[in-house]
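Have a look at the structure below before the remarks.
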Amino acid sequence: MPRSFTCPVVTLEPKAIEFKACLRVLEVFSIIGVMEPATWQKILDLCNRLSNVTYENLTKIIRLESTGSATAARNLDDSDQNDIDTWMGGGTCFSMTWLLYQSLRDMGLEPRLVMGHKRKERNIHCALVLPDETAEPSSLISHSTSHISHFSFKEFLFDPGYLIFDPLPIPLPQPFGTGESLFPLVPNSVRLVRPDMDSMELWTGGSLRTDGKLNSPMKLRFEYPVAGVSVEEFKQHWAESFYREMMTYPVLNRLDRERGVQYYYQKGNLVTRDANGSRMERLDESVRVEKLSEIFKLSPELVSKALGILSK
């Protein structure tokens with residue numbers, strides 16, 4: 001399979017993107033040939049299955065209440081079972097990332113666990129970086145500028161905890177590469193920025209319109225040291241996450257990839273985001289369990305139990 005290809009979805013300047021039939025990023029990269037096709041297909045199938053999982057902290061709240069300790073609650077996490085279909089509910093970024101880590105290791109790959117920092121808050125998010133030892137530098141052509149940029153597709157970012165279920169090739173920093181890449185996912189575009197070889201930034205914004213502009217500005221979400229952390233350190237940060245402020249209220253997040261719609265619930269407010277923008281509504285307490293169960297694909301009993309714990 002060829003090592004070079006023409007790609008309309010990766011460029012430095014969002015305003016310069018020629019917006020053609022927008023293929024999903026993972027479909028584009030599935031034909032690059034940077035890995036064995038069978039291995040790459042297994043990775044894409046895994047990501048697709050994981051995309052059906054709801055990001056939620058309700059099961060986390062229930063397990064902490066029932067065990068009394070973060071370590072015991074973490075040890076009961078569904079992600080250790082490696083079978084998404086048997087999960088009690090969904091999970092937060094730690095559960096999703098840990099499932100990916102174990103699954104990729106089972107494929108004989110060498111993923112790295114990376115921690116995300118947000119301003120002064122450190123180690124509050126996590127993701128994966130997957131090296132591809134078989135990859136070679138590829139030339140990408142920006143259609144509108146006819147400018148050839150050189151990327152090394154040797155590493156991919158997996159960030160399921162931020163509802164990014166497409167493996168994103170990580171650009172090299174300047175002067176070795178362009179330093180950043182834009183991915184017009186729906187409903188949230190993603191930009192990866194490499195200030196230097198040691199770090200990477202995750203930016204997200206609105207969908208890319210047909211005029212090449214975003215319907216909402218990009219915001220810096222997380223900064224990642226790309227060297228990664230050990231399993232022991234990862235599990236330490238996971239345990240610490242049980243006592244963070246976000247565990248005092250329900251947080252639910254789900255992406256409907258087929259329709260390009262994201263649902264986000266926090267502190268009584270439901271946000272629905274699609275290619276046209278965002279809408280927010282307040283969920284009345286009388287319908288809250290029913291609505292959350294329906295939208296986020298969780299059992300009413302699970303939702304009711306977690307909300308009951310939080311109301312104590």
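- In this structure, Tyr265 is a member of the same hydrophobic cluster as Met280, with clusters built from ILVMFWY side-chain heavy atoms closer than 4.5 Å.
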Candidate pair Gln236 and Glu232, rule side chain to side chain donor-acceptor pair (under 3.5 Å), full reasoning:
CA-CA 6 Å; Gln236 176 186 340; Glu232 291 74 18; over 6 Å; no

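- Although no hydrogens or angles enter the test, the distance criterion places no donor-acceptor pair under 3.5 Å between the side chain of Asp77 and the main chain of Phe94.
- Of the charged side-chain nitrogens involved, at least one lies within less than 4.0 Å of a carboxylate oxygen, so that Lys312 and Glu65 count as a salt-bridged pair.
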Quick one: do Tyr162 and Thr204 satisfy side chain to side chain contact (heavy atoms under 4.5 Å, CB included)? Show the steps, please.
CA-CA 10 Å; Tyr162 214 74; Thr204 67; 3.8 Å; yes

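- When every heavy atom of Ala127 is checked against every heavy atom of Leu157, the shortest pair comes out as CB-CD1, 4.0 Å.
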When you look at Arg279 and Thr272, which way does the side chain to side chain donor-acceptor pair (under 3.5 Å) test go after all the steps?
CA-CA 5 Å; Arg279 300 171 298 283; Thr272 303; 4.9 Å; no

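- Hydrophobic clustering, with ILVMFWY side chains joined whenever heavy atoms are under 4.5 angstrom apart, groups Ile62 together with Tyr243.
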In sequence, state the C-alpha distance, the side-chain angles, and the governing distance for Gln102 and Asp106, and then conclude on side chain to side chain donor-acceptor pair (under 3.5 Å).
CA-CA 6 Å; Gln102 294 176 102; Asp106 288 344; over 6 Å; no

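- Using a distance-only test at 3.5 Å, with no hydrogens or angles considered, no donor-acceptor pair links the side chain of Ser79 to the main chain of Leu99.
- Met200 has its side chain within reach of Ile170: a pair of non-hydrogen atoms, C-beta onward, lies under 4.5 Å apart.
- With values rounded to the nearest 0.5 angstrom, Asp45 atom CG is found 12.0 Å from Ser103 atom OG.
- When atom types are taken as modelled, the side chain of Ser181 and the backbone of Leu192 share no donor-acceptor pair closer than 3.5 angstrom.
- Using modelled atom types, one side-chain atom of Thr54 and one backbone atom of Phe296 make a donor-acceptor pair closer than 3.5 Å.
- Between Asn276 and Asn215 the shortest side-chain heavy-atom distance does not fall below 4.5 Å.
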Check the pair Leu292, Leu270 against side chain to side chain contact (heavy atoms under 4.5 Å, CB included), reporting the backbone distance first and the verdict last.
CA-CA 9 Å; Leu292 294 182; Leu270 175 66; 5.5 Å; no

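- A salt bridge does not link Arg194 with Glu180: every distance from a Lys NZ or Arg NE/NH1/NH2 to an Asp or Glu carboxylate oxygen is 4.0 Å or more.
- At a threshold of 4.5 Å between non-hydrogen side-chain atoms, the residues Asn48 and Leu44 do not count as touching.
- Remark: side-chain polar atoms of Thr248 are paired, donor with acceptor, to backbone N or O of Glu245 under 3.5 angstrom.
- Annotation: side chain of Arg112 is in contact with side chain of Val226 (closest heavy-atom distance under 4.5 Å).
- Taking every heavy atom of both residues into account, Leu113 and Ser230 meet most closely at CD1-O, 4.5 Å.
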Evaluate the criterion side chain to side chain contact (heavy atoms under 4.5 Å, CB included) for residue pair Leu109 and Leu130; output intermediate values, then yes/no.
CA-CA 8 Å; Leu109 303 174; Leu130 178 66; 3.9 Å; yes

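- Nearest heavy-atom pair across Pro111 and Leu128 is CB-CD2, 4.1 Å.
- Residues Tyr55 and Tyr264 place their aromatic rings such that the two centres sit no closer than 6.0 Å.
- For the pair Asp196 (side chain) and Ser199 (backbone), a donor-acceptor distance under 3.5 Å is present.
- Summarising the geometry of Pro131 relative to Val129, their closest heavy-atom pair is CD-O, 3.6 Å, with the distance given to 0.1 Å.
- Between the side chain of Glu56 and the main chain of Leu58, a donor-acceptor pair closer than 3.5 Å is present.
- Under a 3.5 Å cut-off, the side chain of Asn123 and the backbone N or O of His237 do not form any donor-acceptor pair.
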Stepwise side chain to side chain donor-acceptor pair (under 3.5 Å) check, Glu240 with Trp238
CA-CA 5 Å; Glu240 292 168 352; Trp238 190 349; over 6 Å; no

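- The backbone N or O of Ile295 lies less than 3.5 Å from a partner atom in the side chain of Arg254, making a donor-acceptor pair.
- Counting only heavy atoms from C-beta outward, the side chains of Trp203 and Val193 approach each other to under 4.5 Å.
- The pair Arg221-Asp159 does not meet the salt-bridge criterion, since no charged nitrogen lies less than 4.0 angstrom from a carboxylate oxygen.
- Remark: Lys42 NZ is loosely packed, at most 12 non-hydrogen atoms of other residues, nucleotides or ligands lying under 6.0 Å away.
- The aromatic rings of Phe156 and Trp40 sit tilted relative to each other, their planes meeting at an angle between 30° and 60°.
- Using a 4.5 Å heavy-atom cutoff, the side chains of Arg273 and Asn188 are in contact.
- The pair Arg257-Asp166 counts as a salt bridge, with a side-chain nitrogen and a carboxylate oxygen less than 4.0 angstrom apart.
- For the residue pair Ser95 / Lys60, no side-chain donor-acceptor distance below 3.5 Å is found, with atom types taken as modelled.
- Contact annotation: the side chain of Arg191 never approaches that of Phe183 to less than 4.5 Å [non-hydrogen atoms, C-beta and beyond].
- Between Phe222 and Tyr224, the ring-plane angle classifies as tilted under the 30° and 60° cut-offs.
- Side-chain contact between Glu223 and Arg119: absent, with no pair of heavy atoms (C-beta onward) separated by less than 4.5 Å.
- When every heavy atom of Ala70 is checked against every heavy atom of Leu64, the shortest pair comes out as N-CD1, 3.8 Å.
- In this structure, Asp274 does not pair ionically with Arg259, as no charged nitrogen and carboxylate oxygen lie closer than 4.0 Å.
- For the atom pair OG of Ser304 and CZ of Arg288, the computed distance is 9.5 Å after rounding to the nearest 0.5 Å.
- No more than 12 heavy atoms of other residues, nucleotides or ligands lie within 6.0 Å of CZ in Arg122, so this atom counts as exposed by the packing criterion.
- At distances below 3.5 Å, not a single donor-acceptor pair connects side-chain atoms of Ser189 with backbone N or O atoms of Gly205.
- One hydrophobic cluster holds both Val231 and Met115 under the rule that ILVMFWY side chains link at heavy-atom gaps under 4.5 Å.
- The two residues Leu50 and Phe165 make their nearest non-hydrogen contact at O-CE2, 3.6 Å.
- Salt-bridge formation is detected for the pair Asp211/Arg209: a Lys NZ or Arg NE/NH1/NH2 atom is positioned less than 4.0 Å from an Asp or Glu carboxylate oxygen.
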Verdict with reasoning, Gln262 to Asp256, per side chain to side chain contact (heavy atoms under 4.5 Å, CB included):
CA-CA 6 Å; Gln262 177 190 2; Asp256 184 334; over 6 Å; no

